[in-house]
Amino acid sequence: MPGANLTRIEAEERKSVVAAPIHYQVALDLTVGAKNFGSTATITFDATPGASTFLDLIADEVNSVTLNGVALDPATAYADSRIALDGLKEHNEVTVTALCRYSNTGEGLHRSVDPSDGNVYLYSQFEVPDARRVYAVFDQPDLKAMFDFSVLAASSWIVTSNMPVASVSETDAVTAPGTLGDHAAETAKRWVFQTTPTMSPYLTAICAGPYAEWHTEYENEDGRIVPMAQYCRQSLAEAFSKDVDYLFDITKKGFAFYAKTWGVPYPYAKFDQIYVPEYNAGAMENIGMVTIRDSYVFESKVTDALAERRVVTVLHELAHMWFGDYVTMKWWNDLWLNESFAEFTSTLATAEATEWHDAWATFSSGEKSWALRQDQLSTTHPIVAPINDLNDTYVNFDGITYAKGASVLKQLVAYVGRDKFFEGIHNYLNRYAYSNATLADLLAELEKTSGRDLTAWSAQWLERSGINTITTEVEENEDGTIASLTLRQTAPAEHPVLRAHRLAVGFYNEDPATGAIVRTDRFELDVDGETTVVEAAAGKPRPALILVNDDDLTYTKLRFDDKSLAFAAENLHCFSDALARSVIWLAFWDMTRDGELPAKRFIDTSLAALATEHESTTFRYALSQISTTAWHYTAPAERAAVVEHVAAELWKLAEAAKAGSDEQFQLVTAYLGYGEEGDEAFAANAKGLLDGTVTLDGLEIDNNFTWTIVNALASVNVLDEAGIEAQLAKRDTTENREFALGAKAVRGTAEAKAWAWDQALHNADLTNSQLEAVARGFAATPRADLAEPYAGTYFEVIDWVWKNKTFHMAEALLEGLYPVYADPAGLVSLGEAWLASHEDADNALKRLIRGNVESSQRTLKVRDFNAAL
């Protein structure tokens, strides 16, 4: 498998040839135009004498290659995104000069032009293996090296990298036409950065442009003063300035929490956070300089859920400075070590070191529901996933690697004890500092501190796929006390493993004084095998609800006993604890998706609970689950009535919500997703919100919310393309261009769908974010007649997309363009036929397609269950 897709075997072979010390000198020239930049890399490394290996590089041109003083012919040395290095010596030096290309896909060195002021912004994104898009490199995580970066850039720009600046000097160079967009050419400065510590190439980073900047310092636990900075585009500076001090404070709290928890102070020379446009991920843990999507710069009102998610993201990337950067996986099969740990500890830090004390409820509602969904697909995989090549890695940035892994780590903490767990982490970080490690290395340290044999635990939890179900079985005495309480554990046939769980069982009853449902008893125990008797419950009065996995300590599906199910469904809105509500709600949702709880019952229970729910992420996910249930899971004959009912109830709830509240904002936003062509009441409400004739106290119609309304009106053909363009003309920004493209694509006409389909597939000038907006809009209109013509066409273009697009763009297209409102039976038939005819297709591609097809299979199954009621 030559070329851009590196296999694990090739990486192991290269590691056996190339040896430390490895050192890079990388010089980038960002003055040569709008399309390309110059790249020169000199790499010194040791190697097995006489052996051969290769460098990774994706470039438009390779101008020269010199190995140990001998010039190689680029025409023969460079092929398939690799530079062949033959006849190596014990000590080697290779220099490669190349012309590389800026991306508009968020991969490599991304170039973005802000239409509001014409400013050009550059940022790098190198995970998984995209440092090779910027300089010649041994692009795998276990070939750590030291790096010296220098950058030639426009004098008005600032340049940042992993390390502090060593020097900035004026030059005689002048930027070439196009370099600065429509701005005039100017002279250039050379930025030179201090040498990095030993690190993996994918963690190196360069950002350049006229970013706005803010600075402060942190007094590190080892006595050093750590410079801190935050950056964003100039057009966002006013909005961001309102949050900078808060985000600095959150980051400092993270520094202190992690240093105290792990006993290892922050290890690097500085810590920057740079908010960048058109970003594919949430953020990236580049050493000393984290890049973060600038949709986290809030110009308009956002949900509390998103505000909290920003905090978790900041703390997630900060956690990586230790776990992933300081100690790094050897190969991508241990990607979970990075992501699961950062997700777990950032949630812990958010709950214990910030004002977001219900972060574990947020985790249950959001992250855990993501894991449950993906773990029930045939494409699920062990947390420690088999990674044969880079394409396997791409598709493993998923709910298993992040959310299931984090949930399982929470279970591990309960299993071994918190103090022992973090003592083991302290020892692991110190032992493998600045090097690479494996799962076995981590478990060895945890076994030493905890005294627990983790071999069987790892085999069950990390090395096997699937999720268990724990069902509550209760026998009562005549006096209403519990005769026996048994927990029955089952496993799906395709993943027949029963796991050991450390969990809690909670008893909940109504508080007579307040009417709230509160916990009145709790038992913590080990659950193992098929049945476990909760001996401590025998003889106690039967509570109104028995909640297994109280405090959400383990990772499992739940099934309630009949009395508990009925009580919880009627009283979900009365539970006082946010985490308990989230655990119960998630179980209800899982039962609905499995065709065990009627769709209308889930909807009514959820609507009732929304009237009193204030945990923003739980609120957000409940709204999303109601939408999926109404549009896809209800019986076809009842769907129109259910959708109309949900829309009416959401509007009533919005009118009754506290003025200006998060709940009001979320409810109106959700309501605007229920429009159907010809619904005059909906159109009147949406138009009234836009023109001010319909008002709700405290609801601000700001920029982003205006576009939410525009999108709703476009979807029901009340607003045409000219109206969308007129709205964009009022304020032409990066974000509003994306909103406008999405609104054009969501219009409820065959012509709009044909336009969107063509734009998404064939307009190479669309940025990654614009392409995603078009794809989302294309698929979002809830009309089968518009989706049905693309069912067959979708499966016809899959191969072309996979061949002609980068992975991130292929993923965005193949997931975003899937016509979910087409007949699910037809989609399943077409999908199964495609999979049968593509047995030899790339595994990563088949995983993407299977995920889509199986969502349609589930829709068909659950819809039929509800139709039979």
Side-chain angles (χ1 to χ4, degrees), residues 214 216-219 221 228 230 232 239-262 266 271 273 275 282-283 290 292-321 342-368 403 406 410 413 418 422 516 551-552 575-583 585 610 612-622 657-666 698 700:
W214 295 262
T216 190
E217 294 177 335
Y218 179 71
E219 186 175 343
E221 281 67 19
M228 299 174 65
Q230 301 204 52
C232 74
F240 193 50
S241 65
K242 301 172 185 176
D243 285 344
V244 163
D245 288 343
Y246 172 75
L247 293 169
F248 274 138
D249 180 63
I250 288 293
T251 307
K252 290 177 181 180
K253 287 177 177 175
F255 277 134
F257 183 84
Y258 293 147
K260 178 182 178 181
T261 303
W262 305 330
Y266 177 71
F271 190 73
Q273 295 167 96
Y275 289 76
V290 169
I292 305 176
R293 65 184 309 139
D294 69 9
S295 57
Y296 279 134
V297 176
F298 302 145
E299 287 191 290
S300 296
K301 181 179 174 64
V302 299
T303 63
D304 290 347
L306 185 57
E308 180 183 7
R309 189 65 214 172
R310 179 173 67 174
V311 170
V312 175
T313 299
V314 166
L315 296 175
H316 177 110
E317 304 310 323
L318 181 60
H320 274 312
M321 295 299 121
E343 196 67 10
F344 165 72
T345 54
S346 60
T347 303
L348 185 70
T350 301
E352 297 185 6
T354 78
E355 74 274 28
W356 301 96
H357 302 303
D358 286 330
W360 285 114
T362 294
F363 177 84
S364 172
S365 298
E367 301 307 292
K368 205 163 184 179
K410 187 179 182 184
V413 172
R418 174 167 170 159
F422 285 120
D551 293 325
D552 201 28
F575 281 76
S576 62
D577 182 69
L579 182 53
R581 291 195 305 275
S582 176
V583 170
W585 218 327
L610 287 176
T612 55
E613 181 60 58
H614 299 294
E615 205 293 308
S616 184
T617 300
T618 300
F619 202 97
R620 171 194 165 200
Y621 275 86
K658 181 180 177 182
S661 65
D662 179 71
E663 294 80 29
Q664 180 196 59
F665 177 60
Q666 290 205 53
E700 181 183 357

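Both backbone and side-chain heavy atoms feed into the values below; hydrogens, waters and symmetry mates do not. No experiment lies behind these values; they were computed from the predicted model shown.
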Could you go through I250 and E355, starting from their C-alpha distance and side-chain angles, then the distance that decides it, and tell me whether this counts as side-chain contact (heavy atoms from CB on, under 4.5 Å)? CA-CA 10 Å; I250 288 293; E355 74 274 28; 4.3 Å; yes

Any side-chain heavy-atom pair from L348 and F257 closer than 4.5 angstrom? yes

Does T618 form a side-chain contact (heavy atoms from CB on, under 4.5 Å) with R581? I'd like the steps, not just the answer. CA-CA 9 Å; T618 300; R581 291 195 305 275; 5.6 Å; no

Does the ring center of Y266 lie less than 6.0 Å from the ring center of Y218? no

Is the closest side-chain heavy-atom distance between E613 and E663 below 4.5 Å? no

Test side-chain contact (heavy atoms from CB on, under 4.5 Å) on V583 and K368; report intermediate values, then the result. CA-CA 10 Å; V583 170; K368 205 163 184 179; over 6 Å; no

side-chain contact (heavy atoms from CB on, under 4.5 Å) assessment of F344 paired with V413: CA-CA 10 Å; F344 165 72; V413 172; 3.6 Å; yes

Main-chain N/O of T303 paired with S616 side-chain donor or acceptor, under 3.5 Å: no

Stepwise, does the salt bridge (Lys or Arg N to Asp or Glu O under 4.0 Å) test hold for E352 with R418? CA-CA 14 Å; E352 297 185 6; R418 174 167 170 159; 2.8 Å; yes

Derivation of the side chain to side chain donor-acceptor pair (under 3.5 Å) call for T362 and E308: CA-CA 9 Å; T362 294; E308 180 183 7; 2.8 Å; yes

May I ask you to check whether W214 and F248 place their ring centers less than 6.0 Å from one another? no

Closest heavy-atom pair and its distance - F363, A403: CZ-O, 3.6 Å

